[in-house]
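Everything below concerns the one structure shown next.
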Amino acid sequence: MADNKYPVNLLDTPFPMRGDLAKREPGFLKQWQDIQLYKKLRETAKAQNRPKFVLHDGPPYANGEIHLGHAVNKILKDIIVKSKSLSGFDAPYVPGWDCHGLPIEHQIEKITKLDSKAIKANPDIHARIVEYRKANGLDPKSTDLTPAFIRELCRDYAAKQIDIQRKDFIRLGIIGDWENPYRTMDFKTEADIVRTLGKIHANGYMVKGQKPVHWCVDCGSSLAEAEVEYEDKVSPAIDVGFRVVDTAALSKAFGGVNLQDQPAYAVIWTTTPWTLPANQAVTVHAELVYDLIATPKGLLILARDLAEAALKRYDIDANEVIAQAKGAALEGLQLQHPFYERVVPVILGDHVTTDAGTGLVHTAPAHGLEDYVVGLKYKLPTDNPVANNGRFISTTPLFAGQSVWEANPNVLATLEERGVLLANKKLEHSYPHCWRHHTPLIFRATAQWFIAMEKPVDGKSIRDIANQAVADTEFFPAWGRARLEAMIGNRPDWCISRQRNWGVPMTFFIHKESGELHPRSAELLEQVAKLIEKDGIEAWFKLDAAELLGAEAADYDKLKDTLDVWFDSGATHYAVLKQRAELAWPADLYLEGSDQHRGWFQSSLLTGCATEGRAPYKQLLTHGFTVDEKGHKMSKSKGNGIEPQEIFNSIGADMLRLWVASADYSGEMSLSQEILKRTTDAYRRIRNTVRFLLSNISDFSAAQTLPVDQLLTLDRYALVELAAFQQRVTALYERYEFHSAVQEIHAYCSEELGSFYLDIIKDRLYTTGADSSVRRSAQTALWHITLALTKLLAPILSFTAHEVWDVLLPANPGAEENIQLSTWHAVPAVADAATLASQFALVREVRTQVQKDIEVLRADGKLGSSLQAEIALTAAGDTLAALQALGDELKFVLITSKADVAAGADTTVAVTPSEAAKCERCWHYTPTVGSHADHAGLCSRCYGNLFGQGEARQHA
């Protein structure tokens with residue numbers, strides 16, 4: 001109607017069609033900072049005595065710029081916190097960072113070793129190292145830096161990384177206490193991590209053990225399960241014969257068969273020849289059937305199910321099964337170690353399978369967890385001949401001083417020389433690697449400290465408590481429960497000790513002779529914690545034991561180990577939640593990626609169970625990883641990665657937020673430029689809808705809203721639909737189903753508003769009197785729709801919602817200065833809501849049929865716009881009543897110039913082109929056009945609306 005020569009109510013709004021988000025969002029951020037929005041949120045919540053909802057932030061590691069996974073995680077958390085705040089909760093968000101551990105220490109090591117890339121990224125730290133070398137008279141390439149100086153550099157490096165990451169998190173629109181985050185390297189937090197350790201020890205769950213753990217030779221440290229990655233590796237797969245020492249016992253085991261003094265061998269298969277020096281037994285399964293097979297190479301003992309494949313590997317064709325026996329019959333059989341003067345037994349173990357090999361397992365308790373467990377049962381020695389550097393110790397016969405990888409070919413040569421190497425093949429298989437160095441790990445027994453999973457305290461083990469805690473936790477999505485249950489059920493004792501510089505120390509004193517902890521450990525630990533609270537972890541490293549132990553110091557050593565970094569973050573439920581007044585324990589929600597079932601979710605669970613007897617959270621939410629449109633993992637080397645900085649600098653953070661909310665986070669989350677384009681299209685639909693709403697209430701204010709009982713029927717129905725829509729979306733927020741919430745919002749904008757309500761009321765908005773009651777009725781509905789929709793958008797499209805709120809504020813005196821300070825809109829209740837909903841459901845069915853019939857005539861060229869149509873309807877029962885109840889409003893609902901209803905047996909639709917003239921202003925076809933000679937082109941309704949007085953300005 002823009003070219004109409006008669007004025008219509010076409011209004012404008014300062015809310016632009018183009019968002020220009022990338023340019024304008026930083027300005028909105030500044031507004032939030034200027035008004036101290038986070039502080040005001042806390043003040044508002046306190047003043048209103050809101051109930052708390054605490055989402056505890058799983059700390060990202062302080063190393064490198066944020067990537068897309070970081071952005072997904074933080075945006076999901078922000079959507080939840082904002083939706084909870086809008087739901088009437090006090091929802092504080094304290095972001096945190098994980099600061100200790102190997103990756104940061106490794107970065108400092110690279111700078112000290114003059115790695116050019118590391119130096120370029122950290123010139124300030126390199127300059128400090130250069131100055132340190134000069135001041136201490138060291139060679140310019142010297143790596144001989146004191147541990148204290150390395151820790152100082154690690155602390156500075158972590159602080160720098162935090163500043164880099166914090167800037168980008170804020171740019172994403174994440175509202176939180178960014179001025180006071182928690183950092184695991186804060187002195188108070190370090191002290192409280194130590195206190196958590198002390199409580200676990202006091203409760204009896206910390207034990208010392210000589211146990212096999214994943215060991216990285218490059219790190220010089222044990223690795224937690226979460227630090228282990230699996231990559232393909234080619235290993236020698238060998239079959240080795242262990243000669244049976246007592247042929248009489250062998251004959252008895254196989255039912256008294258005559259062996260005729262033939263040499264007999266129990267044959268094992270292994271891919272780690274270097275572990276054979278530590279062999280202490282051969283394990284069979286009690287229920288498997290084993291064959292005793294006569295071959296040119298002697299009698300061989302093989303599992304029946306694997307014998308054929310094994311003999312093929314040995315190039316043996318001539319063979320005869322001379323006896324069979326269950327594995328249980330072989331228990332206790334004595335075997336000669338293949339190259340040492342050591343006799344080892346045959347033992348039984350349930351971990352033996354027929355997946356590959358021979359069905360007999362080489363058992364070295366120092367080099368395998370299952371071997372260790374079965375070794376405990378049989379009281380086998382846990383002798384570890386491999387030192388921290390991955391080399392055999394000096395007393396190891398044949399292989400002293402060799403690395404385990406150097407030893408492999410020498411072990412094979414020794415076996416060949418002794419005539420017990422039956423096969424040697426190459427095998428490519430999945431093998432544990434260090435997540436930092438990407439080098440193969442070894443399993444080796446070391447003196448370590450553990451949180452014991454099975455040790456009973458007051459009749460319950462940590463595993464028992466953790467299983468109950470998992471059962472008491474609510475999971476989103478639900479499959480997370482089974483995943484965590486399986487991990488808790490299968491996990492070994494947690495090795496919490498590390499041999500590194502940059503970490504929270506295990507602040508215990510160890511007796512030099514007995515190796516026992518000081519009997520006053522709890523008291524001493526609290527004294528150390530107070531020192532750390534004042535001076536940080538350096539207080540422990542520089543502590544003279546005599547300061548606390550006096551004369552006893554001569555008998556005790558300070559424990560040199562530091563805590564596993566997963567313990568640091570796992571203990572933040574105590575070190576953060578219990579220490580900050582604005583937070584609460586347990587947290588309502590932990591939210592992280594699916595890898596954290598084996599990481600932070602689990603470390604938090606175990607520390608919570610070991611200290612408080614329950615999980616430190618009530619709910620766990622898991623999200624998937626980001627992949628490209630083909631499902632491939634994103635990486636810079638592949639060139640398929642999209643960084644969050646690229647997105648918010650080009651199309652805005654709201655676009656990234658909308659994609660995150662739109663994706664089903666329960667699985668992998670795909671992103672590509674094409675997907676971003678579709679996201680942009682969806683955003684445009686929402687923005688255009690909001691702009692239409694704002695334009696048509698730009699001459700309206702809160703003071704002009706009409707009571708519900710004064711609204712037209714259609715407008716009351718719009719409020720009914722609005723209330724239902726809001727209820728659906730808020731329920732989806734409550735269940736963390738954001739992708740469904742986005743679908744609801746998009747559908748509401750395009751279908752409920754765009755294709756129905758707004759389409760119908762355009763005529764009333766544009767052509768009726770500007771201040772007429774019928775227009776104010778529509779504007780009242782639009783006012784409530786705009787407020788409700790904007791608030792529902794606010795958790796996701798935070799910048800856009802802020803922009804809308806700024807436009808609304810002048811017309812909404814008394815409203816909160818920022819939309820995040822508000823709560824969901826109170827949609828006015830409609831007394832006959834149920835009746836209207838059922839009536840309009842019938843009307844909309846008829847409307848759909850009318851539109852279809854009109855389109856048929858338009859396609860045939862018999863009709864122009866739908867306003868040219870005149871409709872004759874017949875209906876019966878509730879449908880007839882619903883249509884008649886609209887009266888003259890029916891033609892506007894159908895967007896036709898005339899609509900008549902009559903009773904009939906069925907619902908029928910008859911469409912005919914109008915023969916009346918078309919009004920130049922409203923474009924309706926009506927006989928009243930020309931009824932006023934001074935404005936012959938107008939219908940009587942438009943004439944009255946333009947030139948009438950008061951309520952002469954009409955709708956019908």
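Aromatic rings of His214 and Phe443 (six-membered ring for Trp) have centroids within the 6.0 Å cut-off, being under it. The distance between the ring centers of Phe339 and Phe399 falls below 6.0 angstrom. Aromatic ring centres of His573 and Tyr590: separated by at least 6.0 Å. In this structure, Trp540 has its ring center closer than 6.0 angstrom to the ring center of Phe509.
In this structure, Lys460 and Ile465 approach most closely via the heavy-atom pair CB-CG1, 4.2 Å. Taking each heavy atom of Val374 and Gly349 in turn, the nearest pair found is CG2-CA, 4.3 Å. The shortest heavy-atom contact between Asn424 and Leu421 is CB-CD2, 4.3 Å. Taking each heavy atom of Ile104 and Trp502 in turn, the nearest pair found is CG2-NE1, 3.8 Å. In this structure, Leu330 and Ala253 approach most closely via the heavy-atom pair CD2-CB, 3.9 Å. Ala615 and Ala469 get closest at one heavy-atom pair: N-CB, 3.7 Å.
Judged purely by atom type and a 3.5 angstrom limit, Thr607 uses its side chain to pair as donor or acceptor with the backbone of Gly570. Not one N or O on the side chain of Glu474 forms a donor-acceptor pair closer than 3.5 Å with the backbone of Ala478. When atom types are taken as modelled, the side chain of Asn467 and the backbone of Asp464 share no donor-acceptor pair closer than 3.5 angstrom. Between the side chain of Asp561 and the main chain of Met506, no donor-acceptor pair closer than 3.5 Å is present. In this structure, Asp291 contributes its side chain and Leu302 its backbone to no donor-acceptor pair below 3.5 Å. The backbone N or O of Cys495 sits nowhere less than 3.5 Å from a side-chain atom of Gln448 that would complete a donor-acceptor pair. With hydrogens and angles disregarded, no donor-acceptor distance shorter than 3.5 Å links the side chain of Tyr431 to the backbone of Val234. For Tyr61 (side chain) and His100 (main-chain N/O), a donor-acceptor pair under 3.5 Å exists by modelled atom type. Looking only at distances, a side-chain donor or acceptor of Arg481 sits under 3.5 Å from a matching main-chain atom of Val470.
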For side-chain hydrogen bond (donor to acceptor under 3.5 Å, both in side chains), just list the numbers for Asp564 and Trp494, CA-CA rounded to whole Å, side-chain angles, deciding distance to a tenth of an Å, and then say yes or no.
-> CA-CA 10 Å; Asp564 172 19; Trp494 178 11; 3.0 Å; yes
Go through the steps to decide whether Thr275 and His362 satisfy the test side-chain hydrogen bond (donor to acceptor under 3.5 Å, both in side chains), and finish with yes or no.
-> CA-CA 9 Å; Thr275 62; His362 145 55; 2.8 Å; yes
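To the nearest 0.5 Å, the span separating CG on Asn203 from SG on Cys609 amounts to 11.5 Å. Once rounded to the nearest 0.5 Å, the distance linking CD of Gln262 with OG1 of Thr295 reads 8.5 Å. The distance from atom CZ of Arg195 to atom CD1 of Ile193, rounded to the nearest 0.5 Å, is 11.5 Å. Within the model, atoms CZ of Phe508 and NZ of Lys558 stand 14.5 Å from one another, a figure rounded to the nearest 0.5 Å. Atoms NZ and CZ, from Lys455 and Arg463 in turn, are 15.0 Å apart once rounded to the nearest 0.5 Å. Here Leu517 contributes atom CG and Trp449 contributes atom CH2; the two are 4.0 Å apart, rounded to the nearest 0.5 Å.
Between Glu612 and Lys199, at least one side-chain N (NZ, or NE/NH1/NH2) sits under 4.0 Å from a carboxylate O, which counts as a salt bridge. By the 4.0 Å N-to-carboxylate-O rule, Asp555 lies too far from Lys512 to be salt-bridged with it. We find that Arg614 and Asp472 are not joined by a salt bridge, their nearest charged nitrogen and carboxylate oxygen being 4.0 Å or further apart.
With His367 as reference, Val386 is the one residue of Asn279, Val386, Thr272 to meet the side-chain contact (heavy atoms from CB on, under 4.5 Å) rule. Among the candidates Val352, Ile347, Leu348, the single residue satisfying the side-chain contact (heavy atoms from CB on, under 4.5 Å) test with Val284 is Leu348. For the side-chain contact (heavy atoms from CB on, under 4.5 Å) with Val244, the lone residue among Val346, Leu250, Leu299 that qualifies is Leu250.
More than 12 heavy atoms of other residues, nucleotides or ligands shown are found within 6.0 angstrom of NZ on Lys233. Residue-environment remark: CG (Asp458) stays at or below the threshold of 12 foreign heavy atoms within 6.0 Å. Counting heavy atoms of neighbouring residues, nucleotides and ligands inside a 6.0 Å radius, atom CD of Glu231 exceeds 12 of them. Within 6.0 Å of the CG atom in Asp350, the count of heavy atoms belonging to other residues, nucleotides or ligands does not exceed 12.
Tyr372 has its side chain out of reach of Pro492: every pair of non-hydrogen atoms, C-beta onward, lies at least 4.5 Å apart. Residues Ile488 and Leu606 meet the side-chain proximity criterion, which asks for heavy atoms closer than 4.5 Å. Contact check for Trp479 versus Thr622: side-chain heavy atoms found under the 4.5 Å cut-off. Side-chain contact between Thr271 and Trp269: present, with at least one pair of heavy atoms (C-beta onward) separated by less than 4.5 Å. At least one side-chain heavy atom of Glu406 sits under 4.5 Å from a side-chain heavy atom of Arg391. Counting heavy atoms from C-beta outward, Asp246 and Leu333 have side chains that stay 4.5 Å or more apart.
Relative ring orientation between Tyr556 and His511 is described as perpendicular, the plane-to-plane angle rising above 60° on a 0-90° scale split at 30° and 60°.
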